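The structure under discussion appears below in the form of structure tokens.
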Amino acid sequence: MRTRPLKVALLGCGVVGSEVARIMTTHADDLAARIGAPVELAGVAVRRPDKVREGIDPALVTTDATALVKRGDIDVVVEVIGGIEPARTLITTAFEHGASVVSANKALLAQDGADLHAAAETNDKDLYYEAAVAGAIPLIRPLRESLAGDKVNRVLGIVNGTTNFILDKMDSTGAGYQEALDEATALGYAEADPTADVEGFDAAAKAAILAGIAFHTRVRLDDVYREGMTEVTAADFASAKEMGCTIKLLAICERAADGGSVTARVHPAMIPLTHPLASVRGAYNAVFVESDAAGQLMFYGPGAGGSPTASAVLGDLVAVCRNRLSNATGPGESAYAALPVSPMGEVVTRYHISLDVADKPGVLAQVATVFAEHGVSIDTVRQQGKDGEASLVVVTHRASDASLSGTVEALRKLDTVRGVASIMRVEGE
């Protein structure tokens, strides 16, 4: 074993960063044995230097992150500060001054992953980011290494624990959205401002990363269709149960049937109770991968939190340190396929549409005619009426988003249609 330690700079010492530092200290002997050399925490960049950080030598703490990554003797920079800047500049500076990088920054990787990979390659350094998607769940490495010889066709997953907790609570207790959100906040699953989670921004960033790796194509955050879950109601769950389904906020990355394009999207969807993702409860994450040779694979576990995310960071740290010792680098960006990303209008799926209509003869025929005129085939229809008003629930066969949008626009113009109560996609079949 080499006795000279590999030096690690830690950018950020919050919930995740403090766990990384703790594990590096408490598991130091095991990490050294696994890597082949000791690892040494050489510096910790923070915003508030006066805060007490248990187990961290105050002499290591600095507010000058730029100077830390420019030192020249740093082997690996661990970035867990999040956001776009200064993280982007710090990472590229680290590459330029001889360090490899381990990051948990999903937002930055989804927006500027191609540039970061290029900077790593130019400087012959590693960029690893297992912790950026689904916390402790090993997912990035299986996609870019274990399945590198296979053809991945679909990645379908629950990649945000906050939203899954809220939807699971609505499903299991009949609670409304706000009530479930309040409970998630009280338990620490939701931030004071939950927008990034409930509006799908967090999941969309992860979808961009997953799609890029799975399909060997550059997929940016702007390429991902995003729809939040704030409009999901108890009535939607009641309708889902009647269909033998539940509702999840899903990240869906798909290769087109002809292989000529890909799509990436995040939105609420009904999935059959028989699908493995339907049983994912609470704040857990799960990702379902479908490929030609391996078939169907499912990855499940805690998707957030200090210890789970730190576990993924430390796994990357071990891999990068091993590469440093052997003067090698791991896999970089694979974007050779360069497939176009299709817009949401071309995505084909099933739909569940709930309409408020007049309770009188001929309404169903009018509605069915509108669907037929727009080339959308109906699978099932349920109608309940009372006192001149009725609820009409239509479930379609597979149709494009564009054709469905045209159908709904035409339905709104019918005198007998009082309103469109909800539209929900149906996935997982």
Side-chain angles (χ1 to χ4, degrees), residues 163 167 170-171 176-178 195 198-201 203-204 224-250 252 254 263-271 342-429:
T163 56
L167 292 174
M170 293 175 70
D171 185 27
Y177 166 76
Q178 190 61 50
T195 302
V198 300
E199 293 295 350
F201 291 101
V224 182
Y225 172 83
R226 178 195 54 79
E227 184 181 317
M229 49 159 279
T230 57
E231 301 301 318
V232 176
T233 66
D236 291 326
F237 274 101
S239 293
K241 288 181 179 180
E242 290 180 2
M243 291 179 59
C245 292
T246 188
I247 299 172
K248 300 290 187 182
L249 184 75
L250 298 179
I252 305 170
E254 292 179 307
T263 59
R265 51 197 165 102
V266 168
H267 54 71
M270 294 182 179
I271 59 172
S342 297
M344 187 62 187
E346 297 178 12
V347 171
V348 175
T349 189
R350 297 179 67 206
Y351 289 87
H352 175 284
I353 305 102
S354 180
L355 305 172
D356 295 325
V357 299
D359 186 16
K360 63 182 183 180
V363 173
L364 180 56
Q366 287 183 328
V367 169
T369 297
V370 169
F371 276 88
E373 289 174 347
H374 289 80
V376 179
S377 176
I378 294 175
D379 183 17
T380 62
V381 176
R382 298 195 313 275
Q383 184 173 1
Q384 294 178 326
K386 184 178 180 181
D387 300 328
E389 298 296 328
S391 174
L392 187 65
V393 176
V394 178
V395 179
T396 74
H397 287 291
R398 292 175 65 82
S400 71
D401 188 80
S403 62
L404 195 282
S405 296
T407 302
V408 171
E409 184 178 350
L411 288 171
R412 295 183 192 275
K413 296 177 181 179
L414 294 178
D415 293 338
T416 52
V417 174
R418 310 299 193 212
V420 179
S422 69
I423 303 171
M424 186 82 61
R425 295 172 182 87
V426 182
E427 300 286 347
E429 294 184 313

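Given the structure is predicted, the values throughout are model-derived calculations rather than measurements.
- Between Met243 and Met424 the shortest side-chain heavy-atom distance does not fall below 4.5 Å.
- For Arg226, the salt bridge (charged side-chain N to carboxylate O under 4.0 Å, His left out) criterion is met by no residue, not counting sequence neighbours.
- Closest of all the heavy-atom pairs between Met170 and Ala234 is CE-N, 4.3 Å.
- Contact of the Val408 side chain with the Tyr351 side chain is not registered, since no non-hydrogen atoms from C-beta on lie closer than 4.5 Å.
- Closest approach of Thr263 to Ser342, counting heavy atoms only: CG2-CB, 3.7 Å.
- Under the side-chain contact (heavy atoms from CB on, under 4.5 Å) criterion, Glu231 pairs with no residue, sequence neighbours left out.
- Nearest heavy atoms, Ala410 versus Val370: CB-CG1, 3.6 Å.
- Taking NE2 of His352 as the start and CD1 of Ile423 as the end, the distance is 11.5 Å to the nearest 0.5 Å.
- Taking the salt bridge (charged side-chain N to carboxylate O under 4.0 Å, His left out) definition, one finds that Glu227 meets it with Arg425, sequence neighbours left out.
- Evaluation of the side-chain hydrogen bond (donor to acceptor under 3.5 Å, both in side chains) rule for Thr349 yields Glu427 as partners, not counting sequence neighbours.
- With sequence neighbours left out, His374 forms a side-chain hydrogen bond (donor to acceptor under 3.5 Å, both in side chains) with no residue at all.
- Listed by chain and number, the residues in a side-chain hydrogen bond (donor to acceptor under 3.5 Å, both in side chains) with Ser403 are Ser400 (sequence neighbours excluded).
- Residues satisfying the side-chain hydrogen bond (donor to acceptor under 3.5 Å, both in side chains) test with Thr230, not counting sequence neighbours, are none.
- Annotation: salt bridge (charged side-chain N to carboxylate O under 4.0 Å, His left out) contacts involving residues 233-244, sequence neighbours excluded, comprise Asp171-Lys241, Glu242-Arg382.
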So Thr416 and Lys360, side chain to side chain contact (heavy atoms under 4.5 Å, CB included) or not? Walk me through it. CA-CA 9 Å; Thr416 52; Lys360 63 182 183 180; 3.5 Å; yes
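- A search for side-chain contact (heavy atoms from CB on, under 4.5 Å) contacts involving Ala421 returns Ser354, Asp356, not counting sequence neighbours.
- What you find for Val232 and Tyr177 is that their closest heavy atoms are O-CB, 4.0 Å.
- Applying the side-chain contact (heavy atoms from CB on, under 4.5 Å) criterion to Leu364, with sequence neighbours excluded, gives Val381, Gln383, Leu392.
- Remark: of the listed residues Leu414, Val367, Val363, Val367 is the sole one forming a side-chain contact (heavy atoms from CB on, under 4.5 Å) with Leu355.
- Residues Leu249 and Leu167 approach most closely at N-CD1, 3.3 Å, considering heavy atoms.
- The list of salt bridge (charged side-chain N to carboxylate O under 4.0 Å, His left out) pairs with a residue in residues 366-378, not counting sequence neighbours, is empty.
- Annotation: the span from Thr396 atom OG1 to Ile378 atom CD1 amounts to 8.5 Å, rounded to 0.5 Å.
- Residue pairs that meet the side chain to side chain donor-acceptor pair (under 3.5 Å) test with at least one member in residues 405-415, sequence neighbours left out, do not exist here.
- Taking both residues in full, the closest heavy atoms of Met270 and Cys245 are given as CB-CB, 4.1 Å, listed atom of the first, atom of the second, then distance.
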